[in-house]
Amino acid sequence: MLIVFIGPPGAGKGTQCRRLVDLLDIPHLSTGEMLRAVMEQDTALSRYVASYINAGKLAPDHLVMRIVSQKVKSPDCTNGALFDGFPRTMVQAQMLDDLLVELKRPLDVVLELQVPDEVLIDRLLKRAKIDGRADDNDATIRERLRVFHDQTKPLVQYYSKQGK
Ligand code: AMP
């Protein structure tokens, strides 16, 4: 089963995805976690990725797609996968569609988690104090929400049209 999970930052995608993967026995592919793992190294690539994430911007589509397509083609994903925080742009959604056509594995379902912005800002500021994530500060949180409404939210209509 291939599932896409869409939701704004701080909606609780990670938490809900962990519950779902336990039930469905498929891997949880969080592009945010994959990108943070890249950032932990000390390379030109890690500094390049950090320059986007720490500013609340989206990492470049081609880079994200390269990481995801390697994973999806790996034996771990034979039974499917739950995409958490991916795709986040129309370009990524179209690239994912092309990849899944190539692999002859259609997307089964798209889930959207909705939370009002005021609740998200409050939660993310609280998380900032606990986790110390560099991208959880007031300016970056507002930028991530702006990016979500501008670039990711349109995917809901895109997938609705596909009947997902
Ligand atoms: P998340 O852990 O899902 O909140 O992601 C944290 C950050 O990683 C986001 O604010 C983006 O900067 C970056 N990121 C995660 N997933 C993607 C994606 N699919 N495309 C581009 N950037 C992403």
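Start at 1 and go down the list; that is how both ligands and their atoms are numbered.
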- Query: Going through the distances and angles, do Lys73 and Glu102 end up as a salt bridge (charged side-chain N to carboxylate O under 4.0 Å, His left out)?
  - Reply: CA-CA 11 Å; Lys73 290 177 183 169; Glu102 182 195 321; 3.7 Å; yes
Students should be able to answer this: which protein heavy-atom is nearest to [atom], and at what distance?
atom                    : value
atom 10 (O) of ligand 1 : Arg144 NE, 3.7 Å
atom 22 (N) of ligand 1 : Ala59 N, 3.0 Å
atom 8 (O) of ligand 1  : Ile53 CD1, 3.5 Å
atom 14 (N) of ligand 1 : Leu35 CD1, 3.4 Å
atom 16 (N) of ligand 1 : Thr31 OG1, 2.8 Å
atom 15 (C) of ligand 1 : Arg88 NH1, 3.2 Å

For [X] and [Y], test the side chains for any donor-to-acceptor distance below 3.5 angstrom and give the result as yes or no.
X      : Y     : answer
Gln94  : Gln92 : no
Tyr159 : Asp97 : no
Thr89  : Asp61 : yes

Report yes if some N/O of [X] lies less than 3.5 Å from some N/O of ligand 1; otherwise report no.
X      : result
Lys57  : yes
Asp135 : no
Glu33  : no
Gln92  : yes
Gly85  : yes

Rounded distance [0.5 Å steps], [atom1] in [X] versus [atom2] in [Y]:
X      : Y      : atom1 : atom2 : value
Arg105 : Leu99  : CZ    : CG    : 9.0 Å
Asp84  : Leu113 : CG    : CG    : 10.0 Å
Leu96  : Leu103 : CG    : CG    : 9.5 Å

- Given Asp108 and Lys164, is the salt bridge (charged side-chain N to carboxylate O under 4.0 Å, His left out) satisfied, shown in steps? CA-CA 7 Å; Asp108 292 287; Lys164 303 286 181 188; over 6 Å; no
- Hey, is Pro9 touching ligand 1 through its side chain, its backbone, both or neither, going by heavy atoms under 4.0 Å?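 Within the 4.0 Å criterion, Pro9 makes no contact with ligand 1.
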- Query: What part of Leu58 sits under 4.0 Å from ligand 1 if we count only heavy atoms: the side chain, the backbone, both or neither?
  - Reply: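 It is both parts that get close, each with some atom under 4.0 Å.
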- Item | Close approach of Arg36 to ligand 1, heavy atoms, under 4.0 angstrom |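 Heavy atoms of Arg36 do come under 4.0 Å of ligand 1.
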- Task: Could you walk me through whether Asp122 and Lys126 pass the salt bridge (charged side-chain N to carboxylate O under 4.0 Å, His left out) test, one step at a time?
- Result: CA-CA 6 Å; Asp122 191 52; Lys126 282 188 185 133; 3.0 Å; yes
